[in-house]
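Encoded as structure tokens, the structure appears first; notes follow it.
Naming: A, B, ... by sequence-line order, numbering from 1 per chain.
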4 protein chains.
Amino acid sequence: MDAIFEATIQLLTRPGAENLTTTRVAERAGVSVGTLYQYFPNKQALIYALNARYLEALAERIEATCRAQEGQTAKNMLKALIDTYWQAKTERPEVTRALYRSVADLDNTALIETFAHRVDAATTAMFSSASDTEFANLAEVNLTLVTVIFGTVRNAFERGLDTDAADGLHGQLLLMCEAYLSALANA
Amino acid sequence: MDAIFEATIQLLTRPGAENLTTTRVAERAGVSVGTLYQYFPNKQALIYALNARYLEALAERIEATCRAQEGQTAKNMLKALIDTYWQAKTERPEVTRALYRSVADLDNTALIETFAHRVDAATTAMFSSASDTEFANLAEVNLTLVTVIFGTVRNAFERGLDTDAADGLHGQLLLMCEAYLSALANA
Amino acid sequence: MDAIFEATIQLLTRPGAENLTTTRVAERAGVSVGTLYQYFPNKQALIYALNARYLEALAERIEATCRAQEGQTAKNMLKALIDTYWQAKTERPEVTRALYRSVADLDNTALIETFAHRVDAATTAMFSSASDTEFANLAEVNLTLVTVIFGTVRNAFERGLDTDAADGLHGQLLLMCEAYLSALANA
Amino acid sequence: MDAIFEATIQLLTRPGAENLTTTRVAERAGVSVGTLYQYFPNKQALIYALNARYLEALAERIEATCRAQEGQTAKNMLKALIDTYWQAKTERPEVTRALYRSVADLDNTALIETFAHRVDAATTAMFSSASDTEFANLAEVNLTLVTVIFGTVRNAFERGLDTDAADGLHGQLLLMCEAYLSALANA
DNA sequence: AATGAATGAGGCTTCATTCAT
DNA sequence: TATGAATGAAGCCTCATTCAT
């Protein structure tokens, strides 16, 4: 089953516009189509599971980061959160891009929702433990930070920024989020 | 041709992902497939053109906003930019969502690039005319603002935020961007 | 109408597998499809007419040769007939090949028959006027000669013989036909 | 796969030129289109393979004849070669005709070349073993004979000769070829 | 008489899925 | 449980032909 996932990613990643077919996935995974259909009732389920697995791993990573930052300053938390997410999305950019694309013909609402809940819970817990800050409206602040960070990374991908520009943006994003927190504190 | 675009959007909008067939588009547009193919060499070209048209209109709108803000304060500019983009994306949310999705099996790099260039030019020109601020590194600041704003809106869409949450986020985004500019000024 | 014929030949001749479409023929001929359909009731009629025209010209050429050989020796006649046909088929080989191909989806029986009748009449008349030979069974001999000569040329085309081989074959064909006539005389 | 070939021939044979569609072939062969496409990547490949198979069988037949004539007199060889080819092309005339036609939208150069090489090799070997003749320029003589024989048969088909005329021509062709060999010997 | 946009039947091909082995 | 040949619905696209202007 991991072989199937790997094969799917490889095909999704491949530049050639050769579409992702179940036969091709099975072939590359070294199993028969029949076997593939033993694991996944249909093609959508495969792509769905692939994304679920990816988001699961991503959520875990974020949760780990959040746990590790328990009790730190808000600034440190921010940096850790941004760095983790940025790193996760950037280390295998083609995979990131491929998954972004694969999701198009999928109703991934549930997936996103689950992921969002987990992340929101983790980051909310983290921020509420900040040693130096008390958040008046944590829910809204948290939503804002998470949405801005995740959205910015995605948009950076879409623009196809080169490494320099991406690094610069990474730094500026941190700056901006810090400024946001400062502004909230002074309000 | 406008009828064809409209039909495409309608089908893209309709639930049931894979409804977009050239035959169906033609049918709904009230023309024959042959006619459709007289305007667009193939299906991809149709989707491409649809997105081009959309981004064209969006760019124009942003440019208009930028022109109108010439010489204003940076804060006003920020608000105008965010409001315009938010409004543009929000007024027909299903269309926005549909186009986001439609782009998946398309090489829209060129499209994005053209759009980005136009927007960057317009916002850069706007910010450089700010009556109250001098930007040390306008290019980077501009890229940051644009990427953050656009990315946040997209992510908000993906999360399927309800109106209240969205409105709140909208406000917080403005706040954050303002805080960013203030922080830059005080640096 | 000549422009249309010319355009058809050009498209038929072109290497690209681009198929012969009425629209393309009209375009290249510098007229509208509508006009093309004023001259030819349908596509087949066009191709038919093109072949008719070609065979007409070829028949005329053969008839002229035959008339010119009236009263000559059989050997001279043979040489003149072979040379004329060979020359006619060889001077624009792509055209020859294109027409051979174009005929595939056509019922050209009538065309061939008409052509065959004309040629048979001409060659029969010629051979019967030979100063040095009396043919016991002129009809059969004539059919044999004509079929062999025409068939050989066609087969030479199909094999794609190079110039040297083709020239050699041309000479040998003459030799063979002469030997045939001699053999008949000695029988 | 044989069923598919048979179906193709049947459809090719049927009057009404343009009957050959992949769907129809599959239907008549009693398989699904999908299956057809498992054997042949596309329609052209099917027609190509059909011709390849036909020429393969024809070549084998000619080779067998040539082997059987090893050491015979040249006259006997000639007769055997002509009879074999004539017979092969004549026993199922509609098939012959259909294949001649089918080849029109095909690049069959390679096919013809392979066939020609095989036949040339076989007939050359045969003629060089003739008990009663030494050929000064075997290559040229062989090419001439083969081209003349094959071409004549094809042309006879095109003319749609009735049985009597065809039989007569068959005899005369043999006569002519024999005369050719005699002439060469006396030169 | 000429135009050429519009038509739409129908061809080729793909690919998710099944099921007998 | 694994296989993979077979299926066939359905998509994309072409192109001969028409007809309003």
Using 4.0 Å as the upper bound for N to carboxylate O, is an ion pair formed by B:R118 and B:E56?
yes
Check this for me: does any side-chain nitrogen of one of D:K89 and D:E158 sit under 4.0 Å from a carboxylate oxygen of the other?
no
Test log, rule side-chain contact (heavy atoms from CB on, under 4.5 Å), inputs B:E60 and B:L55
CA-CA 8 Å; B:E60 260 167 26; B:L55 289 180; over 6 Å; no
Write down the distance between [atom1] ([X]) and [atom2] ([N]), rounded to a whole number of angstrom.
| X | N | atom1 | atom2 | value |
| --- | --- | --- | --- | --- |
| D:L11 | E:dG11 | CG | C1' | 14 Å |
| B:L20 | F:dA10 | CG | P | 16 Å |
| D:D105 | E:dC12 | CG | C1' | 14 Å |
| C:Y37 | F:dA20 | OH | C1' | 18 Å |
| D:E27 | E:dC12 | CD | P | 13 Å |
| D:M1 | F:dA6 | CE | P | 12 Å |
| C:N19 | E:dC12 | CG | P | 12 Å |
| B:L36 | F:dC13 | CG | P | 10 Å |

Result for ring pair (Phe, Tyr, Trp, His ring centres under 6.0 Å) between B:F5 and one of B:Y54, B:Y39, B:F40 points to B:F40
Checking all strands, does [X] fall into the base, sugar-phosphate, or nothing category for heavy-atom contacts under 4.0 angstrom?
| X | result |
| --- | --- |
| A:T22 | base |
| C:F40 | nothing |
| D:T35 | base |

Hey, does the side chain of A:R24 come within less than 4.0 Å of E:dT14's phosphate (OP1/OP2), counting only N and O?
no
With respect to the side chain of [X], which nucleotide from [options] is positioned closest?
| X | options | answer |
| --- | --- | --- |
| D:V33 | E:dT7, F:dC13, F:dG8 | F:dG8 |
| C:T23 | F:dT17, E:dA1, E:dA16 | F:dT17 |
| A:S32 | E:dT7, F:dC15, F:dA2 | F:dA2 |
| C:Y39 | E:dA2, E:dA16, E:dA5 | E:dA2 |
| D:Q38 | F:dC15, F:dT7, E:dT7 | F:dT7 |

Start with the C-alpha distance between B:R53 and B:D2, add both sets of side-chain angles, then the distance that settles side-chain contact (heavy atoms from CB on, under 4.5 Å), and finish with yes or no.
CA-CA 11 Å; B:R53 180 170 165 267; B:D2 259 8; 3.6 Å; yes
Earlier contact from the 5' end, DNA chain F, for D:G30 and A:G30:
A:G30
Taking any strand in view, what nucleotide pairs with F:dA5 in a Watson-Crick or G-U wobble way, both distances under 3.5 Å?
E:dT18
Mapping A:G34 and D:N42 to their closest nucleotides on DNA chain E, which lands nearer the 5' end?
D:N42
